[in-house]
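Read through the structure below, which is laid out as structure tokens, and then see the notes.
Each chain gets a letter, A, B and so on, in the order its sequence line appears, and its residues count up from 1.
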Amino acid sequence: MNLKELAKRLIPDENLLEPEEYESIYPQRELPKGAQVTRLAPSPTGFIHLGNLYSALADERCAHTTGGIFYLRIEDTDEKRKVEGAVESVIRSLKYFGIKFDEGAEIESPLNKYGPYYQRARAQIYRSFVKRLIEQGLAYPCFCTAEELDEVREKQTQSKETTGYYGVYAKCRNLSEQEIYKNLDEKKPFVIRLKSSGNIENKITFRDAIKGDITVTENDQDVVILKSDGIPTYHFAHAIDDHFMRTTLVIRGEEWLSSLPIHIELHKVLGFKQPTYAHTCSLMKMDGETKRKLSKRKDPELSLDYYRKAGYFPLAVVKYLMTVLNSNFEEWTLKNPDGDYRDFKFKIDKMGKSGALFDLDKLNDVSKTEISKLSPEACYDFLKEWVDEFGTDADRTHFKDREYILKILNLIMGTGGKKRRKDIERAEQGVRLLDYFFDDTFEPEYAYRFDGQTVAAVLDGFAKVYDPADDNPTWFSKLKEVAKAVGFAAEMSEYKANPTAFKGSVSDAAEILRIAVVGSPNSPDLCTIMGILGKERALKRLTDAKKDI
RNA sequence: GGCCCUGUGGUCAAGCGGUUAAGACGGAGCCCUCUCAAGGCUCAAUCCCGGGUUCGAUUCCCGGCAGGGUCACCA
């Protein structure tokens, strides 16, 4: 068979470059020794979730801790998956979490010398190599229809054989020259398959940067490398792109592990050196009784937008992910509480080998810790940003008074105290903490534990002596006096020593006052709260609080 | 089902043949305290099972079992 002629007929493109030429078009990168070139290679569905961020973070850290390059490549070989604006969305999402690309699709950079970064735009490159493979007799056209393939698969399943296109099932592998040209003349659609020379009896051991040694069987499937639309499959595009974009470290989900034999064979056949692979375990989620990996389809609540809406502090999400990525990161954080996570020595081989369950409690903890480290001004900015996008009209009005909010923030963050408070976990919840400082959102629940007479006595008693100029101890001693007057113990020690001798204690008096002022029995320092509200409003609340009793 | 990966408290996990089996989150309790938060202290809770190898296995080997992944002209 004249393979050269066949290749020309199958890949009729004019002006195709010779495969060898690409080696000089995309030369080896000049980078320091040990520098890693990594990439994020999403399909343009636009949907990006926590798992993608997790993976992107690993890529980004590996590149930037070694002086390497982190680039964005768009795997748009499947037309059906394309969503408008998806690429911008990916970039924007990652940027929100502080992750930036050095080069790639839609990235403005002088480094963009390895493009195009959209696979569809690289069709000529792939086709040049496919053509060469056909010439070498290492690839062939297949005219099987989807129905035929389904039929074969069904048969194989029934007879409990391995499914797929291999051995005797690779019907088109041995098509005669006449048959091929006949099909071609009839304009039958075709794909190009790899003529695999592998044998599943042979084992290959290779070293994964995360999982260590992995033994797989050789590939013997004649996989499709060029689809009938002339665009390659993932497998083929991966081999070509990561070779010519000079990727050194391919970090991808462990779901790719099973197709690794294909990639090994493809690299061999194309004469490429294999990159180092690092297969990350997937982030898992509890689904009823069992856990499963996070899914784009089933878990929309894990989209990155979800975290934005909930008002998580972006850096907190990143730091949480870092603890999952490298368990010793947490230890490092304890030693360097104020350190930049970028100073942490990220190690790919420290990554976990088993799928981690996504732990919301932990994220919440990291998030409130991060927010507690903010200055009130920075916290204001963070909350304001959330309010502008997701808050209520009332929230937006409230946030116009920056000075007032700052006063509140000083209080609920515990600024100036020895230890910061950690009241704000995320913006959505934190903004609600401000509600009782504004009359239009103050919704008290007057659930007193004492009779109306006692409550009124405490409220009236305190209203008479309250002076906003009082410092905290004075304020409290006044409260003690009021407590005493209604038959409460003024000192907690007295009360504890003999609880039955009193109707209640200062603590109870404080509770009554607190319910009146903030509408609930719990809040930060009451004296300060009353000060923020101002005398008039504070006293009005004391009066209003008696309405229902 | 075949193949591959993984298996230490509820969760994330250190550990690399001899340990009182770290730490963090969560839980319980105590202290502090005008309540809450924060903080400090304390407690409960773990090596999947069965065989080997070894003086000794959480650690090494084999076999189960369990969980996960994957078997497309999707990535």
For nucleotides [N] and [M], find the distance between their [atom1] atoms and express it as a whole number of Å.
{"N": "B:C47", "M": "B:C60", "atom1": "C1'", "answer": "16 Å"}
{"N": "B:C34", "M": "B:A28", "atom1": "C1'", "answer": "25 Å"}
{"N": "B:A21", "M": "B:C48", "atom1": "P", "answer": "15 Å"}
{"N": "B:U11", "M": "B:G18", "atom1": "C1'", "answer": "30 Å"}
{"N": "B:G67", "M": "B:C61", "atom1": "C1'", "answer": "23 Å"}
{"N": "B:U46", "M": "B:C25", "atom1": "C1'", "answer": "16 Å"}
{"N": "B:G27", "M": "B:G64", "atom1": "P", "answer": "42 Å"}
{"N": "B:U8", "M": "B:C16", "atom1": "C1'", "answer": "13 Å"}

Worksheet item: Is a donor on one side and an acceptor on the other found under 3.5 Å between the side chain of A:Asn336 and the backbone of A:Gly339?
Response: no

Worksheet entry | Side-chain (A:Thr145) to main-chain (A:Glu148) donor-acceptor, under 3.5 angstrom | yes

Interatomic distance, [X] [atom1] vs [N] [atom2] [rounded to whole Å]:
{"X": "A:Lys319", "N": "B:C25", "atom1": "NZ", "atom2": "P", "value": "14 Å"}
{"X": "A:Asp220", "N": "B:G2", "atom1": "CG", "atom2": "C1'", "value": "12 Å"}
{"X": "A:Glu425", "N": "B:G26", "atom1": "CD", "atom2": "C1'", "value": "13 Å"}
{"X": "A:Leu360", "N": "B:G27", "atom1": "CG", "atom2": "P", "value": "13 Å"}
{"X": "A:Ile262", "N": "B:U70", "atom1": "CD1", "atom2": "C1'", "value": "10 Å"}
{"X": "A:Tyr166", "N": "B:G2", "atom1": "OH", "atom2": "P", "value": "14 Å"}
{"X": "A:Glu491", "N": "B:C34", "atom1": "CD", "atom2": "P", "value": "9 Å"}
{"X": "A:Ile204", "N": "B:C3", "atom1": "CD1", "atom2": "P", "value": "16 Å"}

Worksheet entry | Candidate pair A:Lys496 and A:Glu491, rule salt bridge (Lys or Arg N to Asp or Glu O under 4.0 Å), full reasoning | CA-CA 9 Å; A:Lys496 275 188 185 160; A:Glu491 299 297 334; over 6 Å; no

Classify the ring geometry of [X] against [Y]: parallel below 30°, tilted from 30° to 60°, perpendicular beyond 60°.
{"X": "A:His267", "Y": "A:Tyr277", "result": "perpendicular"}
{"X": "A:Phe344", "Y": "A:Phe346", "result": "perpendicular"}
{"X": "A:His279", "Y": "A:Phe206", "result": "perpendicular"}
{"X": "A:Phe488", "Y": "A:Phe450", "result": "tilted"}
{"X": "A:His263", "Y": "A:Trp256", "result": "tilted"}
{"X": "A:Phe190", "Y": "A:Phe143", "result": "tilted"}

Practice prompt. Sugar-phosphate atoms are those with a prime plus P, OP1 and OP2; base atoms are the rest. Using that split, label each nucleotide of nucleotides 5-15 of chain B B, S or - for protein heavy atoms under 4.0 Å, 5' to 3'.
Written response: SS----BSSSS

Worksheet item: For RNA chain B, what dot-bracket results from Watson-Crick or G-U pairs at under 3.5 Å, with [ ] for crossers and | for inter-strand partners?
Response: ((((((((.[[[..)..(....]]].(((((.......)))))....[[[[[..)....]]]]])))))))....

Worksheet item: side-chain hydrogen bond (donor to acceptor under 3.5 Å, both in side chains) between A:Arg81 and A:Ser43: does it pass, once the steps are laid out?
Response: CA-CA 7 Å; A:Arg81 285 195 169 203; A:Ser43 57; 3.1 Å; yes

Show the distances under 3.5 angstrom between N or O atoms of the protein and N or O atoms of nucleotides 35-40 of chain B.
{"residue": "B:U35", "atom": "O2'", "partner": "A:Pro521", "partner atom": "O", "Å": "3.2"}
{"residue": "B:U35", "atom": "O2'", "partner": "A:Asn522", "partner atom": "OD1", "Å": "2.5"}
{"residue": "B:U35", "atom": "N1", "partner": "A:Arg514", "partner atom": "NH1", "Å": "3.2"}
{"residue": "B:U35", "atom": "O2", "partner": "A:Arg514", "partner atom": "NE", "Å": "3.4"}
{"residue": "B:U35", "atom": "O2", "partner": "A:Ser523", "partner atom": "N", "Å": "2.9"}
{"residue": "B:U35", "atom": "O2", "partner": "A:Ser523", "partner atom": "O", "Å": "3.0"}
{"residue": "B:U35", "atom": "N3", "partner": "A:Arg514", "partner atom": "NH2", "Å": "3.1"}
{"residue": "B:U35", "atom": "N3", "partner": "A:Ser523", "partner atom": "O", "Å": "2.5"}
{"residue": "B:C36", "atom": "O4'", "partner": "A:Asn522", "partner atom": "OD1", "Å": "3.3"}
{"residue": "B:C36", "atom": "O2", "partner": "A:Arg421", "partner atom": "NH2", "Å": "2.5"}
{"residue": "B:C36", "atom": "N3", "partner": "A:Arg421", "partner atom": "NH1", "Å": "3.1"}
{"residue": "B:C36", "atom": "N3", "partner": "A:Arg421", "partner atom": "NH2", "Å": "3.4"}
{"residue": "B:A37", "atom": "O2'", "partner": "A:Lys422", "partner atom": "N", "Å": "3.4"}
{"residue": "B:A37", "atom": "O2'", "partner": "A:Asp423", "partner atom": "OD1", "Å": "2.6"}
{"residue": "B:A37", "atom": "N3", "partner": "A:Arg421", "partner atom": "NH1", "Å": "3.2"}
{"residue": "B:A38", "atom": "O2'", "partner": "A:Arg420", "partner atom": "O", "Å": "2.8"}
{"residue": "B:G39", "atom": "OP1", "partner": "A:Lys422", "partner atom": "NZ", "Å": "3.2"}

Check ion pair [X]-[Y] (N to O, under 4.0 angstrom):
{"X": "A:Lys373", "Y": "A:Glu370", "value": "yes"}
{"X": "A:Glu151", "Y": "A:Arg153", "value": "no"}
{"X": "A:Arg39", "Y": "A:Asp59", "value": "no"}

Practice prompt. Have a look at A:Lys335 and say if it touches a base, only the backbone sugar-phosphate, or nothing, with a 4.0 Å heavy-atom cut-off.
Written response: nothing

Discussion item. So A:Asn472, base contact, sugar-phosphate only, or nothing? Heavy-atom distance under 4.0 Å.
Written reply: base

Practice prompt. Just do the ring pair (Phe, Tyr, Trp, His ring centres under 6.0 Å) check on A:Tyr320 and A:Phe358 with the steps written out, would you?
Written response: CA-CA 10 Å; A:Tyr320 164 70; A:Phe358 175 69; 5.6 Å; yes

Discussion item. Run the side chain to side chain donor-acceptor pair (under 3.5 Å) test against A:Glu161 and tell me which residues pass, sequence neighbours left out.
Written reply: A:Ser159, A:Tyr169

Worksheet item: How long is the span from the CZ atom in A:Arg127 to the CG atom in A:Leu133, to the nearest 0.5 Å?
Response: 13.5 Å

Worksheet item: Does a sphere of radius 6.0 Å around CD in A:Glu154 hold more than 12 heavy atoms from other residues, nucleotides or ligands, not counting ones at 6.0 Å or beyond?
Response: no

Protein-nucleic acid N or O pairs under 3.5 Å, nucleotides 71-75 of chain B:
{"residue": "B:C71", "atom": "O2'", "partner": "A:Thr163", "partner atom": "OG1", "Å": "3.2"}
{"residue": "B:A72", "atom": "OP2", "partner": "A:Arg153", "partner atom": "NE", "Å": "3.2"}
{"residue": "B:C73", "atom": "O2", "partner": "A:Ser228", "partner atom": "N", "Å": "2.9"}
{"residue": "B:C73", "atom": "O2", "partner": "A:Ser228", "partner atom": "OG", "Å": "2.8"}
{"residue": "B:C73", "atom": "N3", "partner": "A:Ser228", "partner atom": "OG", "Å": "3.2"}
{"residue": "B:C74", "atom": "OP2", "partner": "A:Lys227", "partner atom": "NZ", "Å": "2.9"}
{"residue": "B:C74", "atom": "O2'", "partner": "A:Asp78", "partner atom": "OD2", "Å": "3.1"}
{"residue": "B:C74", "atom": "O2'", "partner": "A:Arg81", "partner atom": "NE", "Å": "3.3"}
{"residue": "B:C74", "atom": "O2", "partner": "A:Arg81", "partner atom": "NH2", "Å": "2.4"}
{"residue": "B:A75", "atom": "OP1", "partner": "A:Thr77", "partner atom": "OG1", "Å": "2.6"}
{"residue": "B:A75", "atom": "OP1", "partner": "A:Lys227", "partner atom": "NZ", "Å": "2.6"}
{"residue": "B:A75", "atom": "OP2", "partner": "A:Tyr234", "partner atom": "N", "Å": "3.3"}
{"residue": "B:A75", "atom": "O5'", "partner": "A:Thr77", "partner atom": "OG1", "Å": "3.4"}
{"residue": "B:A75", "atom": "O3'", "partner": "A:Glu75", "partner atom": "OE1", "Å": "2.7"}

Between the protein and nucleotides 63-66 of chain B, list the N/O to N/O atom pairs that are separated by less than 3.5 angstrom.
none

